[in-house]
Enquirer: 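Dropping the structure in here first, questions after.
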Amino acid sequence: MMVGRSAERSRLVRLVADAKAGRSRSLVVRGEAGIGKTALLEYAAGVADGMRILRVVGIESEAEIPFAALQLMLARDVERFDTLPAPHAQALRAAFGTGSASGDRLMVGAATLTLLSELAGEGPLLCLFDDVQWFDRSSADALLFAVRRLHTDPVAAVFAVRDGERPFPASGIDDIRLPRLGARDSAELLATVGPLPQPVADRVLVESGGNPLAIVELARSGTGALPSPVAPLAAVGRLEEHYRLQVGTLPSRTRLALLLVAADHGCELWSFLAAADRLGLRADDLEPAEHLGLVRVTGEAVEFRHPLIRAAAYQEAPFARRFAAHRALADVLSDPRDADRRAWHAATAAGGTDDVVADELERAAERALARGAPAAASRALERAVQLTGDPAVQARRLVTAARAAYDAGLLDHAATLAAAVTAMTGPALAGADPAEGGAMSGNVAWIQAEAAWIRAQVAYERDSPARACELALDAATPVLTADPARAISVLTEAVWCARDAADEGLLARCGDQLGRVRGGPPEVALALGGYVGLLTGRTEESVPPMRDLLIAAGDGGMDATLEGLLAGFLGVLIGADDLALKVLDRQVATMRAQGALGWLPYAQEPLALAQLVTGRFRDAEANVAEALSLAAELGQDFQVIVLTAISSWLTAVRGEVDTARQQAELVLKHAGRHGMAAAQATWALALIDLMAGDPQAALDRLDEVCAGPPGRDVTVRATADHVEAGVRAGDQDRARHHLPQLASWAGHTASPAAEALLLRCTALLDDSREAQGRFEASLALDGCGPYDRARTQLAYGEWLRRHRRPTSARTQLSQALATFDQIGAYGWHARVRTELVALGGPVPPADTAAAEQLTAQELQVVRRAALGLSNREIAAQLFLSPRTVGHHLYKAYPKLGVSRRAELSQLDL
């Protein structure tokens, strides 16, 4: 019987009921040792009538074993892997050590999501996770990824985490912290244990501090175990000492047997007996501990009654005994399936350097990477470094550990490890033999470059793009001639960071480094040099190599690569919008298929920009919404800012002014560090001003947007808004100020979109009758997106009304209004309608397309369903559960006015 905790129990009852009703819920229960977390999990199991229960208890000794917790959870369902989509099945087989991983570390999370949804299809599930602080990082990441996306599946998950141990961040999941019991509940719990003399009972209640385990254990220990009246009881925070006293009363051989159990809690009974034999112990040496109830022996394992007993048994032992226990366990774990556990036991037993054990740990790290568990690989390599004698091998292993930590999302730790590599690869390694592990792996220049690159990648998220660029330039320097292909990869990121920082000085340094590279993929180096030239005002010489890279990517090469993303993005910058969109669409689709979740938010950024400039606003909104969700979950804080800037522009054009302002203000808080995102957000605010009839405010903002590198990037297209704002504000001189930049861009790119914008601008600046020809020429150009075309029609319609040509004006304005409706650019409605009202006659009603009523995720689901994909296939692409996909379709059908899936293909989505 559980005493107290009425609010917490009610919370669990609701959680279970919601899951049974098809509303997935998750909860993290936090608290100190002995506070009752496990008891609450048992209570949840007790009220989960009719639910299948999956239980996992974290084991400290397996905290570094890749996917150890996930294997315990899904061991009974291995045969189901073959029924999953192929990438998911492959990911789970790799997690179980029966295959190799492909794609991102979080692909296992996507596979776990799908499998849990499949299991829940047979009946509601309750997942109970205890001592989660000891879950290996790979399992924890996979489970958190899965439960966050189980929206409409009958699945409940409860995570119990002990305070004071390893952290378990679980953003996005509700959590509760268990308080200590009050006086009444404490007394009630004490009464359930049995009668005690009143003075003893009073002391237990006072000094246990309301910790349930302390109350029970101290009450059960009886008066004989109580200290003198002036000494404290082993209450909260001192329970380990209480158990240590119990362990200390046991015979020496029994304490050694307990230590052996503690050294590998949860190990099979046979391995305990084999290791005990190596230490000269017998099975009956464990009996005194069994009689005290400290451990229990099952047919398969020896288990402690409580984790704190295990801690006491281990900590009470001298170091020499601990080492002996781990050495014995390492000696008996000879099965290849136990290779990782054996390596860790051997490492724990090692003192000083031991290259044999270090090699074992490196092999364990390689296995972890092959299984998609970079966190476990990083930890194994770190320990291997401590056991390695050769400084060159140490440096190689440490930088590999840093890379694995970065890939695991442990950014701060990756930076710390990389900094340590930089410190150790100095003069001491100048004469190191590069032969060990291969010429490249032993090469000091390569190690230094890799360490600096890791620090640059972390700095992008933790510091600023400018700092990231500086570190990336440092990373490229040692390998400019030694490894030009790697140098170009690093410089690609350096240029991107310099662009994000909008820093012309850094861009110039990037250009200088690119000029010193000898070898490597020349088309990429030339295109990067062209991009630097474009951003620093040398448009004529910049465009040809950028176009060459885009064409190479458009021919089908460079899928899912940094160079492929670069090619697509450069296409947007030279106004080759349709080809750029095609390349970027393919890049993102390939990344989805490969499960490269960590890369997706970065790839979706240029894709969203391509969709934005081509007027595919709904596509861009859906893309940005998904990317924002992933970036936030993956801790890509700066990418969240970049994506929010794009979202603010889209939201402004949609007419959701308050939301757009809030998003822009969030971005502008980081204006000093992320100049390009700040320019995008400022452009959004300027559009709000322009739509609201405040051209002076818009002009002031757009002067900032169009200056420097932002004025030569995607936001070169804001020049047309700047011209319009200047004309409407009556300031022709300011309106013309940035026009040469747009003219240069249009002239050297020969882009129809650029030429159309330039013609609109020259028409706006010349109110004579010659403007008509320029408006007409702009509208006649093929290749201009629907948004820019509608903006030109709006400006042309206004011109026609002023020149008293109402019929032609009405035609242009009505077409503009129809296009704005079609693409969701509702922010321009008021201005168009004002013009139409001034013309007299009826104003066409707003025609909100059916697809506009869908949420961003519903739109993504519906479009894939219209192509004939099944719910499972859609779920695999969008990293949702199949049931959630079905829920989105169910909500979308009435909005679209359809009743069957087959009708979707007939809609304009």
Side-chain angles (χ1 to χ4, degrees), residues 58-69 131 133-138 165-166 240 244 247 255-268 270-281 301-304 307-368 373 375-389 394 397-398 401 404-405 413 417:
I59 300 171
E60 184 178 0
S61 61
E62 296 187 358
E64 310 300 345
I65 307 300
F67 297 110
D131 276 337
Q133 72 277 356
W134 298 127
F135 276 24
D136 61 283
R137 175 64 185 256
S138 303
E165 305 289 354
R166 302 196 322 173
E240 292 91 341
R244 193 174 289 117
V247 171
R255 294 200 304 273
L256 182 56
L258 277 183
L259 171 62
L260 194 57
V261 179
D264 191 22
H265 179 54
C267 71
E268 299 86 345
W270 73 264
S271 59
F272 163 73
L273 293 174
D277 183 65
R278 286 184 174 267
L279 294 176
L281 300 174
V302 184
E303 300 173 349
F304 285 98
L308 292 181
I309 303 174
R310 177 179 180 240
Y314 191 82
Q315 294 166 5
E316 179 270 345
F319 283 117
R321 280 196 162 197
R322 294 187 203 175
F323 289 168
H326 286 291
R327 183 73 263 167
L329 286 164
D331 289 343
V332 302
L333 293 172
S334 57
D335 192 305
R337 292 173 296 183
D338 295 321
D340 290 345
R341 285 170 61 201
R342 170 189 156 73
W344 275 106
H345 280 300
T348 308
T353 59
D354 190 326
D355 288 320
V356 173
V357 176
D359 290 344
E360 280 194 64
L361 282 173
E362 184 166 23
R363 288 191 290 272
E366 291 167 355
R367 288 190 294 271
S378 179
R379 183 69 187 90
L381 286 165
E382 282 186 72
R383 180 64 179 124
V385 168
Q386 297 169 351
L387 300 173
T388 301
Q394 275 188 322
R397 285 172 172 163
L398 190 57
H413 191 53
L417 295 178

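Atom set for the values below is all heavy atoms of this structure, side chains included, hydrogens, waters and symmetry mates excluded. Quick note: residue numbers are just sequence positions, from 1. None of these values were measured; they are calculated from a predicted model.
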Enquirer: Between L398 and L381, is there a side-chain heavy-atom distance shorter than 4.5 Å?
Expert: no
Enquirer: Who pairs with S138 by side-chain hydrogen bond (donor to acceptor under 3.5 Å, both in side chains), at least two apart in sequence or on another chain?
Expert: none
Enquirer: Side chains of T353 and T388: closer than 4.5 Å at any heavy-atom pair?
Expert: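 Not touching, per the 4.5 Å side-chain cut-off.
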Enquirer: Could you tell me which non-hydrogen atom of S378 sits nearest to which non-hydrogen atom of A405, and how far apart they are?
Expert: OG-CB, 3.5 Å
Enquirer: With sequence neighbours excluded, what pairs up with D359 under the side-chain hydrogen bond (donor to acceptor under 3.5 Å, both in side chains) test?
Expert: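 Applying side-chain hydrogen bond (donor to acceptor under 3.5 Å, both in side chains) to D359 gives R397.
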Enquirer: Partners of E316 by salt bridge (Lys or Arg N to Asp or Glu O under 4.0 Å), sequence neighbours excluded?
Expert: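 Counting only residues at least two positions away or on another chain, E316 forms a salt bridge (Lys or Arg N to Asp or Glu O under 4.0 Å) with R255.
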Enquirer: Return the set of residues passing side chain to side chain contact (heavy atoms under 4.5 Å, CB included) with E366 (not counting sequence neighbours), or none when no residue passes.
Expert: E362, R363
Enquirer: For H326, what residues pass the ring pair (Phe, Tyr, Trp, His ring centres under 6.0 Å) criterion, not counting sequence neighbours?
Expert: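 Residues passing ring pair (Phe, Tyr, Trp, His ring centres under 6.0 Å) with H326: Y314, H345.
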Enquirer: Nearest 0.5 angstrom please: Q386 CD to D354 CG, how far?
Expert: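 Here the interatomic distance stands at 12.5 Å.
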Enquirer: Looking at every heavy atom in both I309 and F304, which two are closest together, and how far apart are they?
Expert: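 Here I309 and F304 meet closest at CG2-CD2, 3.7 Å.
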Enquirer: With sequence neighbours left out, write down each residue that passes side chain to side chain contact (heavy atoms under 4.5 Å, CB included) with A317, or none if nothing qualifies.
Expert: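 Side chain to side chain contact (heavy atoms under 4.5 Å, CB included) check on A317 returns L259, R321, R322.
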Enquirer: Rounded to the nearest 0.5 Å, what separation is found between the CG atom of D355 and the CG atom of L387?
Expert: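 Spacing of CG (D355) from CG (L387) equals 8.5 Å.
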Enquirer: List for me each residue that meets side chain to side chain contact (heavy atoms under 4.5 Å, CB included) alongside R137, sequence neighbours excluded, and say none if there are none.
Expert: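 R137 satisfies side chain to side chain contact (heavy atoms under 4.5 Å, CB included) with D141, A375, L410 only.
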Enquirer: With sequence neighbours left out, what residues match Q394 under side-chain hydrogen bond (donor to acceptor under 3.5 Å, both in side chains)?
Expert: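 In terms of side-chain hydrogen bond (donor to acceptor under 3.5 Å, both in side chains), with neighbours along the sequence ignored, Q394 is linked to no residue.
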Enquirer: If the condition is side-chain hydrogen bond (donor to acceptor under 3.5 Å, both in side chains), which residues does R379 pass it with, not counting sequence neighbours?
Expert: none
Enquirer: Mind jotting down which residue pairs meet the salt bridge (charged side-chain N to carboxylate O under 4.0 Å, His left out) criterion with at least one end in residues 331-340? Sequence neighbours excluded, please.
Expert: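 Applying salt bridge (charged side-chain N to carboxylate O under 4.0 Å, His left out) to every pair that reaches into residues 331-340, excluding sequence neighbours, yields R278-D331, R327-D331, D335-R337, D338-R341, D340-R367, D340-R371.
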Enquirer: Would you compute the distance between atom CD of E64 and atom CH2 of W134 and round it to the nearest 0.5 angstrom?
Expert: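 Between E64 CD and W134 CH2, I get 9.5 Å after rounding to 0.5 Å.
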Enquirer: Taking C-beta and beyond as the side chain, do E382 and L417 meet within less than 4.5 Å on heavy atoms?
Expert: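 E382 vs L417: side chains touch.
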Enquirer: Only one of V332, V357, L333, L329 clears side chain to side chain contact (heavy atoms under 4.5 Å, CB included) with R342; which?
Expert: L333
Enquirer: Can you list the residues that meet the side chain to side chain contact (heavy atoms under 4.5 Å, CB included) rule with A376, with sequence neighbours excluded?
Expert: P66, A368, A373
Enquirer: To the nearest 0.5 Å, how far apart are CG in D277 and CZ in F272?
Expert: 11.0 Å
Enquirer: Would a distance-only check, ignoring hydrogens and angles, find a side-chain to backbone donor-acceptor pair under 3.5 Å from R383 to A347?
Expert: yes
